[in-house]
Amino acid sequence: MTIYQGKGTKKFTGGKLKRNHSKRRYELGREPSLTKIGETERKTIRTLGGNTKVVLLNEQFANVYNPDDKTTKKVKIITVKENNADPHYVQRNIMNKGTVISTEIGNAMITSRPGQHGVINAVLVK
């Protein structure tokens, strides 16, 4: 089943909306990538205009920036600590932007979008 991101067919009053055009291919969405902790696994997908996007499915390392000494290190991810997007993502170790992860050098907040950018960048938090 596909995900449709166009307008709905009903008005907020419950009445029917008249459609200007039928469904178009550029209005299609896709399933969320749900990036997990594990052996690195990426998938390249074709996007609008023939461009490509790298989707991160599994990752065990993160590029963590330390604001105190202004350095970036590639460190191993231990577990997911907190996720404001969905509390159940913590139990399932699913990472997305804004997730607080536990790493070898401390807790860090993810600043990139793993499902869109194909990499995990994070900033060390106190």
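Just so it is clear, the structure is predicted and the values come from calculations on it, not from any experiment.
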What do the steps show when you test L28 against Q5 for side-chain contact (heavy atoms from CB on, under 4.5 Å), and what is the final call? CA-CA 6 Å; L28 285 179; Q5 292 185 326; over 6 Å; no
Pairs flagged by salt bridge (charged side-chain N to carboxylate O under 4.0 Å, His left out) wherever residues 7-35 is involved - sequence neighbours left out: none
Salt bridge (charged side-chain N to carboxylate O under 4.0 Å, His left out): pairs with one or both residues in residues 93-102, sequence neighbours excluded: none
Could you pull out the closest heavy-atom pair between [X] and [Y], with the gap in Å?
X: V100; Y: M109; answer: CG2-CE, 4.1 Å
X: S33; Y: G115; answer: OG-CA, 3.2 Å
X: S112; Y: I120; answer: OG-CA, 3.5 Å

Output side-chain donor-acceptor pairs under 3.5 Å for residues 48-60, partner residues at least two apart or in another chain, one line each.
unit_1 : atom_1 : unit_2 : atom_2 : d
N51    : ND2    : L48    : O      : 3.2
K53    : NZ     : Q116   : OE1    : 2.8
N58    : ND2    : E41    : OE1    : 3.0
E59    : OE1    : R42    : NH2    : 3.4
E59    : OE2    : T40    : OG1    : 2.8
E59    : OE2    : F61    : N      : 3.3
Q60    : OE1    : K76    : NZ     : 3.4

Side chain T99, main chain I110, donor-acceptor under 3.5 Å: no
Transitive ILVMFWY side-chain link I101 to I37, under 4.5 Å: yes
What pairs meet the side chain to side chain donor-acceptor pair (under 3.5 Å) rule with one or both residues in residues 117-126, with sequence neighbours excluded? N63-N121, D68-K126
Distance, nearest 0.5 Å, that separates NZ of K73 from OH of Y65: 13.0 Å
Tracing side-chain contacts under 4.5 Å among Ile, Leu, Val, Met, Phe, Trp and Tyr outward from I105 reaches V64, V75, L124
For a quick test of your reading: what N or O donor-acceptor pairs under 3.5 Å do the side chains of residues 85-92 make, sequence neighbours left out?
unit_1 : atom_1 : unit_2 : atom_2 : d
D86    : OD1    : H88    : N      : 3.1

Residue from N84, T35, N83 passing side chain to side chain donor-acceptor pair (under 3.5 Å) with N96: N83
Please assess T72 against N66 for the test side chain to side chain donor-acceptor pair (under 3.5 Å), listing each intermediate value before the final yes or no. CA-CA 6 Å; T72 304; N66 187 347; over 6 Å; no
